Protein chains: 2
Amino acid sequence: MFSKSCEYAIRAVIYISSESKTGRKLSIQEIHEAIEAPEHFTAKILQILSRNRILSSQKGVHGGFYLDKIQGELKLIDIVEAIDGKTLFTGCGLGLKQCSETEPCPIHDKFKAIRNNLKKMLEETTIEELGKKLKNGKSVLKTLQE
Amino acid sequence: MFSKSCEYAIRAVIYISSESKTGRKLSIQEIHEAIEAPEHFTAKILQILSRNRILSSQKGVHGGFYLDKIQGELKLIDIVEAIDGKTLFTGCGLGLKQCSETEPCPIHDKFKAIRNNLKKMLEETTIEELGKKLKNGKSVLKTLQE
DNA sequence: TGCATTAAAGATATTTTTGTCCTTAATTGT
DNA sequence: ACAATTAAGGACAAAAATATCTTTAATGCA
């Protein structure tokens, strides 16, 4: 469904949100361990998210990644679009370039319904809500250690 | 959503179904042109579908691909599972290996709803139905020529 | 100022997916 | 039997996605 990059991105942002207290910034080290993703690849993805203003970063001692007030209120769809683009929500289910209402592919309508469902869910779900769920121990991002 | 291979597979099977008359067999040549997919890659995919009994084939003069009685009644999900596997319907939305009801990822329930929607649609949609729609000109698989 | 720390950026490597080509095997018609 | 045709299968190539490594730039602290 989502690319590996996008999965890591979502996991990272949720984790950052869950650890967000004013002023606290998380290092790549901490983030990649928390979400069990490859360190350097995680760094690349955080770079992209930062460029797309999905999150904020600061270099140097005591630097790291964090969400500012506005970023804390972003929705899942903002992350997905920043990493995987809008194709998932606009592209044809069978990969046809010319697929449209007037020249629909055989699964056009049925696929559109699914896609709209997915889009709606991603638009309605906030990062904050998922971060809290993680913080409360109601969900996990990595194997629980004994 | 689906891999390129899977998109080609679905397009190919729908086309074969749409041209299915008793005894008629379609060549790779005809199929790949009808669905605007690379010839040799299409051949590979048809091989896999044939091995998985999604369609039938015959070598030699007047050979080609066709759907037998039973295969004509298959559902979309049969093609998707043969090519992309069941991961789309069973895997975690965030790619976590250990995600489950007892250790759910943050989007577990919301994602499951979407996934079940998709699965239901694929289980309910028959190849035959899509083939007829194509045959009737109510849908297309390639750019219409003037 | 200089050093330690941390993210950004660029270069490279590996793996997977997608795509192509060539040889082999099966089938049919002559 | 033989030639023509068509799918099957194996080998190879190219492109894209994923992953790693190294250098550079920014920041804070002594």
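Below, read A as the first sequence line, B as the second, and so on, with proteins coming before strands; counting in each chain starts at 1. In what follows, every heavy atom counts, from backbone to side chain, and hydrogens, waters and symmetry copies are set aside. Note that the structure is predicted; figures quoted are calculated from it, not measured.
Shown for residues 84-94 of chain B: no residue has heavy atoms falling under 4.0 angstrom of DNA chain D.
Among residue pairs with one or both ends in residues 51-74 of chain A, none qualify as salt bridge (charged side-chain N to carboxylate O under 4.0 Å, His left out); sequence neighbours excluded. Applying the ring-ring contact (aromatic ring centres under 6.0 Å, His included) test to every pair with at least one member in residues 34-86 of chain B, sequence neighbours left out, gives these pairs: Tyr8(B)-Phe41(B). Applying the salt bridge (charged side-chain N to carboxylate O under 4.0 Å, His left out) rule to pairs touching residues 5-16 of chain B yields Lys4(B)-Glu7(B), sequence neighbours excluded. Listed by first then second residue, pairs satisfying salt bridge (charged side-chain N to carboxylate O under 4.0 Å, His left out) with a partner in residues 86-100 of chain A read Glu81(A)-Lys86(A), not counting sequence neighbours.
In this structure, Ile45(B) places its CD1 atom 15 Å from P of dG9(D), rounding to the nearest Å.
For the residue pair Ser18(B)/Lys132(B), the side-chain donor-acceptor check at 3.5 Å is not satisfied.
Picking from dT18(C), dC29(D), dA7(D) the nucleotide with the shortest atom distance to the side chain of Ser27(B) gives dA7(D).
When the side chain to side chain contact (heavy atoms under 4.5 Å, CB included) test is applied to Glu39(B), the partners found at least two apart in sequence or on another chain are Ile28(B), Gln29(B), His32(B). For Lys112(A), the side chain to side chain contact (heavy atoms under 4.5 Å, CB included) partners are Glu101(A), His108(A), Arg115(A), Asn116(A), not counting sequence neighbours. Not counting sequence neighbours, the partners of Ala12(B) by the side chain to side chain contact (heavy atoms under 4.5 Å, CB included) test are Ile31(B), Ile35(B), Leu46(B). Partners of Lys75(B) according to the side chain to side chain contact (heavy atoms under 4.5 Å, CB included) rule, which considers only residues two or more places apart in sequence or in another chain, are Ile77(B), Asp78(B), Thr126(B).
The phosphate of dT6(D) has neither OP1 nor OP2 within less than 4.0 Å of any side-chain N or O from His62(B).
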Exercise. What string of B, S and - do you get for nucleotides 11-17 of chain D, 5' to 3', if B is base contact, S is sugar-phosphate-only contact and - is no contact with any protein heavy atom under 4.0 Å?
Worked result: B------

Give me the distances for all protein-to-nucleotides 22-27 of chain C N/O pairs that come in under 3.5 Å?
from, atom 1, to, atom 2, distance (Å)
dT27(C), O2, Val61(B), N, 3.4

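The bend of the helix from dT1(C)-dA30(D) to dT30(C)-dA1(D), defined by the angle between the axes of its first five and last five pairs, stands at 0° to the nearest 10°.
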